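Please read these numbers as outputs of a predicted model, since none were measured by experiment.
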Amino acid sequence: QVQLVESGGGTVQAGGSLRLSCHISGHTYTSNYCMGWFRQAPGKEREGAVVVNTGGSTSYADQVRGRFTVSKDNVVNTNILYLQMNSLKPEDTAMYYCARDPRVCRGGIRIPPDWFQIWGQGTQVTVAS
């Protein structure tokens, strides 16, 4: 069973930066998986920010492309998915979630959030104007 725990959220001024972390634990001994960072603002549907396809290619939403960068730390005994967020805007305010699925994916940001089977509890990001 895979578990995901996000951290790194907080309150930042517009134009600032944050780095979110998603700590991945459990049975992760496969390369056939799909991961992503998603966000949900109050009163809005959950949307994708970035999806990492099986094989490692990345796909960003238009709203974050050029400002957000996903990366993964595969150091032995450490398995973390990061989201570096720069030039933050008030409209980036949301609960941010990482998600993982054990199936192969190629669709990138077009994959709907509810396709992903495993979710973390989320970390709140607030950008003040």
Side-chain angles (χ1 to χ4, degrees):
Q1 189 76 6
V2 174
Q3 295 88 37
L4 308 175
V5 178
E6 302 95 333
S7 62
T11 299
V12 64
Q13 292 293 316
S17 298
L18 283 174
R19 188 177 77 160
L20 306 184
S21 300
C22 174
H23 292 254
I24 309 158
S25 62
H27 297 295
T28 61
Y29 312 118
T30 175
S31 59
N32 291 333
Y33 62 87
C34 189
M35 288 203 70
W37 282 100
F38 297 82
R39 63 187 186 179
Q40 187 167 17
K44 294 189 176 181
E45 293 187 353
R46 192 169 296 188
E47 64 179 11
V50 56
V51 170
V52 183
N53 287 315
T54 306
S57 64
T58 55
S59 176
Y60 292 88
D62 290 343
Q63 305 93 303
V64 308
R65 188 179 296 113
R67 299 187 298 119
F68 289 12
T69 304
V70 66
S71 62
K72 197 163 184 295
D73 185 347
N74 286 324
V75 174
V76 173
N77 295 326
T78 300
N79 202 357
I80 306 173
L81 186 73
Y82 297 104
L83 184 66
Q84 178 67 42
M85 305 187 297
N86 299 328
S87 302
L88 283 162
K89 306 175 181 180
E91 51 263 44
D92 294 319
T93 295
M95 184 72 79
Y96 282 72
Y97 301 89
C98 68
R100 180 181 170 108
D101 193 279
R103 297 169 288 180
V104 170
C105 75
R106 306 274 186 237
I109 202 64
R110 295 170 299 173
I111 300 171
D114 59 9
W115 182 86
F116 287 80
Q117 296 183 15
I118 303 167
W119 291 83
Q121 83 290 347
T123 186
Q124 177 67 38
V125 171
T126 301
V127 184
S129 58

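Contact between Tyr96 and Leu20 at its shortest, heavy atoms only, is CB-CD1, 3.5 Å. The two atoms that bring Val2 and Ile24 nearest to each other are CG1-CG2, 3.9 Å, heavy atoms only.
Atom-to-atom distance recorded for Arg19:CZ and Phe68:CZ is 15.0 Å, nearest 0.5 angstrom. Distance CG/Leu81 to OG/Ser21: 9.0 Å, rounded to 0.5 Å.
Between the side chain of Glu47 and the backbone N or O of Glu45, no donor-acceptor pair lies under 3.5 Å. Of the possible donor and acceptor atoms, none in the side chain of Glu6 sits under 3.5 Å from a partner among the backbone N and O of Cys22. Not a single donor-acceptor pair under 3.5 Å links the side chain of Ser87 to the backbone N or O of Gly15.
Residues Lys72 and Val52 form no side-chain contact, since every pair of their non-hydrogen atoms from C-beta on lies 4.5 Å or further apart. Residues Tyr60 and Thr69 have side chains in contact (heavy-atom distance under 4.5 Å, counting atoms from C-beta outward). Between Asn53 and Cys105 the shortest side-chain heavy-atom distance falls below 4.5 Å.
Under the rule for a side-chain hydrogen bond (donor to acceptor under 3.5 Å, both in side chains), Gln63 has no partner lying at least two apart in sequence or in another chain. Partners of Arg103 according to the salt bridge (Lys or Arg N to Asp or Glu O under 4.0 Å) rule, which considers only residues two or more places apart in sequence or in another chain, are Asp101. Qualifying side-chain hydrogen bond (donor to acceptor under 3.5 Å, both in side chains) partners for Ser129, counting only residues two or more places apart in sequence or in other chains: none. Qualifying side-chain contact (heavy atoms from CB on, under 4.5 Å) partners for Ala128, counting only residues two or more places apart in sequence or in other chains: Gln13. Contacts of Thr11 classified as side-chain contact (heavy atoms from CB on, under 4.5 Å), with partners at least two apart in sequence or in another chain: Thr126. Scanning for salt bridge (Lys or Arg N to Asp or Glu O under 4.0 Å) contacts around Arg65 gives Asp62, with sequence neighbours left out. In terms of the side-chain hydrogen bond (donor to acceptor under 3.5 Å, both in side chains) criterion, Gln121 has no residue partners (sequence neighbours excluded). Take Asp92 and apply the salt bridge (Lys or Arg N to Asp or Glu O under 4.0 Å) test, not counting sequence neighbours, and it matches Arg39, Arg67. Val12 meets the side-chain contact (heavy atoms from CB on, under 4.5 Å) test with Leu18, Leu88, Val127; sequence neighbours excluded. The side-chain contact (heavy atoms from CB on, under 4.5 Å) check on Ser17 picks up Gln84, Asn86, with sequence neighbours excluded.
Applying the disulfide bond (SG atoms under 2.5 Å apart) test to pairs two or more places apart or on separate chains, none has a residue in residues 35-69.
Through side-chain heavy atoms spaced under 4.5 Å, either directly or across other Ile, Leu, Val, Met, Phe, Trp or Tyr residues, Ile109 is tied to Phe38, Val51, Met95, Tyr97, Ile111, Trp115, Phe116, Trp119.
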Might you work through the side-chain contact (heavy atoms from CB on, under 4.5 Å) test for Ile118 and Leu4, ending with a clear yes or no? CA-CA 8 Å; Ile118 303 167; Leu4 308 175; 4.0 Å; yes

